[in-house]
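One structure below.
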2 protein chains.
Amino acid sequence: MVRSPTFSPLYQQIKALIMQSLGQGEWKPGELIPSEVELSLRFGVSQGTVRKAIDELSNENLLVRRQGKGTFVATHNEARAHFRFLRLVPDTGEPKYPESRIVEFKRLRLPADITRLLELKAGESGFVISRVLSFNAKPTVLDEIWLPLGPFKGLSIEQLNAWSGPLYGFFESTFDVCMVSAEERIKAVSADKTQADLLGVDQGFPLLYVERLSRAFGDKPVEVRRGWYVTDNFYYKNELS
Amino acid sequence: MVRSPTFSPLYQQIKALIMQSLGQGEWKPGELIPSEVELSLRFGVSQGTVRKAIDELSNENLLVRRQGKGTFVATHNEARAHFRFLRLVPDTGEPKYPESRIVEFKRLRLPADITRLLELKAGESGFVISRVLSFNAKPTVLDEIWLPLGPFKGLSIEQLNAWSGPLYGFFESTFDVCMVSAEERIKAVSADKTQADLLGVDQGFPLLYVERLSRAFGDKPVEVRRGWYVTDNFYYKNELS
DNA sequence: AAGTGGTCTAGACCACTTT
DNA sequence: AAGTGGTCTAGACCACTTC
């Protein structure tokens, strides 16, 4: 009922409040959030206004509505989320989740291009993970994953090896870092010697190069990922509208 | 007020009716459609129900709302639509619309893979257009555009050469074919001799290969496009959420 | 001033899930 | 039966555009 001094619509303010609660961990991934009626009482607005806020958060994949049950915080540890950030599809047959093999794990001072993307000060420390993803034992993706130290304090290679499933599910369960959106920049490149060896192709083989900047709640950038994809039997799928 | 026998929500039925009017050309791209109040009277439902139908169509980029003015049919002949289906962005600097040069135009019997994608009978006729897109006189994209004969009857190379701007705008103005969605399959490949010559790169140079199936109203497939992109100074941009 | 889309409310009823 | 999200309505007022 009360108009805020910012003049943004009420439902946007409610949306911001809900996002704040999500970011502060009041409701964790996979959990049930309060019902629309409860939230409308808590915020002192009508149910319809809460509804519109939740509608948008649901469209942005932050929340998931289930009729009769309630509204849940989205999680990467669910079958339905497994292909949200993995757009690689086999030319024939169904999408399948790959196996992961960690090639390298290091703590180090991050290079300048990474700190710039992650909005850190030059020279700050972090981690880099190299891994190979394989479909049916066929190496297909070489990933280089750059992380800032802060949110991932205590990350170890033992943890990584013990985890099977989406890395974003691991980040969410272990570090309360929930990936919410990402921007990808895609190019075609030639495989260098190292890449060719790890992926089992010839040097110079054309690879799909995918550079991703991922963001957590509050649009905070928390991961830079560089992927090299072998696309003779797979393709990157994108829907336009 | 009246429940249809299909049991789909009212606003979905209204949405379908509006899409039907769009598909039949009752309202053309760029035109103003009737106001929400008018539509609610016409369909015998409340304004809120019409509103929800238009909300979805607006999210799907079929309609554009403008406060105080009304709701308009989306068009490709507008600056805001120019980069909806062109995701190529320069590494540095602002997106810019390319110049197009037609390399080849032919009427022919379509190959089997094209007729299958376009859901035509084997051996049906159509057109193929080859063109090169250049940014600041630098050839960057080689496109091969396959069209069915039916919707594009009368298409000629003179028309194509006379048109500057997005091809989808031309299709919309000249043939009432409005592209509404598309699915892209992206790979990395090596340039063959022909492609290398047209794009001014060496044979074997890595190219981004983009195969697109575009659909008009009613999800009717009406174009297959194969593009080879030079990505040493450009990237394909994609947002995930 | 009149017309448009945008927001907000209150209340009714439906469909689904759980108890 | 009770609680949840999903749909639909009717009416009020706001913000923007045009006349």
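Comparing B/Pro34 and A/Ser46 along DNA chain C, the residue whose closest nucleotide (by nearest heavy atom) sits nearer the 5' end is B/Pro34.
Listed pair A/Thr49 / C/dT7 fails the phosphate criterion, with no side-chain N or O lying under 4.0 Å from OP1 or OP2. Put simply, B/Thr71 has a side-chain N or O that comes within less than 4.0 Å of OP1 or OP2 on C/dG5. Between A/Ser35 and the phosphate of D/dT4, there is a side-chain N or O to OP1/OP2 separation shorter than 4.0 Å.
Between A/Gln13 atom CD and C/dC8 atom P there is a gap of 8 Å when expressed in whole angstrom units. As a whole-Å value, the separation of B/Phe43 CZ from D/dC8 P is 14 Å. Remark: P of D/dT4 and CG of A/Leu39 are 11 Å apart, rounded to the nearest angstrom. Taking atom CZ on B/Arg65 and atom C1' on C/dG5, their separation rounds to 6 Å, with Å as the unit. With rounding to whole Å, B/Lys69 atom NZ is found 5 Å from D/dT18 atom P. The separation between A/Glu36 atom CD and C/dC14 atom C1' is 14 Å, rounded to whole Å. If you measure from atom CG of A/Leu10 to atom P of D/dA15, you get 13 Å, rounded to the nearest angstrom. Computed from coordinates, the A/Lys52 NZ to C/dG5 C1' distance equals 10 Å when rounded to whole Å.
Donor-acceptor pairing under 3.5 Å is lacking for the side chains of B/Gln159 and B/Thr174.
A/Gln67 comes within contact range of at least one nucleobase, with a heavy-atom separation under 4.0 Å. At the heavy-atom level, B/Arg51 lies under 4.0 Å from base atoms of the strands shown.
Judged by the 6.0 Å and 45° rule, A/Arg65 forms no cation-pi pair with A/Phe72.
At a threshold of 4.5 Å between non-hydrogen side-chain atoms, the residues A/Val89 and A/Tyr236 do not count as touching. By the 4.5 Å heavy-atom criterion applied to side chains, B/Ser100 and B/Ser164 are not counted as neighbours.
Partner of A/Glu211 under the salt bridge (charged side-chain N to carboxylate O under 4.0 Å, His left out) criterion, out of A/Arg225, A/Arg226, A/Arg185: A/Arg226 alone.
Base pairing annotation: C/dC16 forms a Watson-Crick or G-U wobble pair with D/dG3, both donor-acceptor distances under 3.5 Å. For C/dG11, the paired base is D/dC8 (Watson-Crick or G-U wobble, both distances below 3.5 Å).
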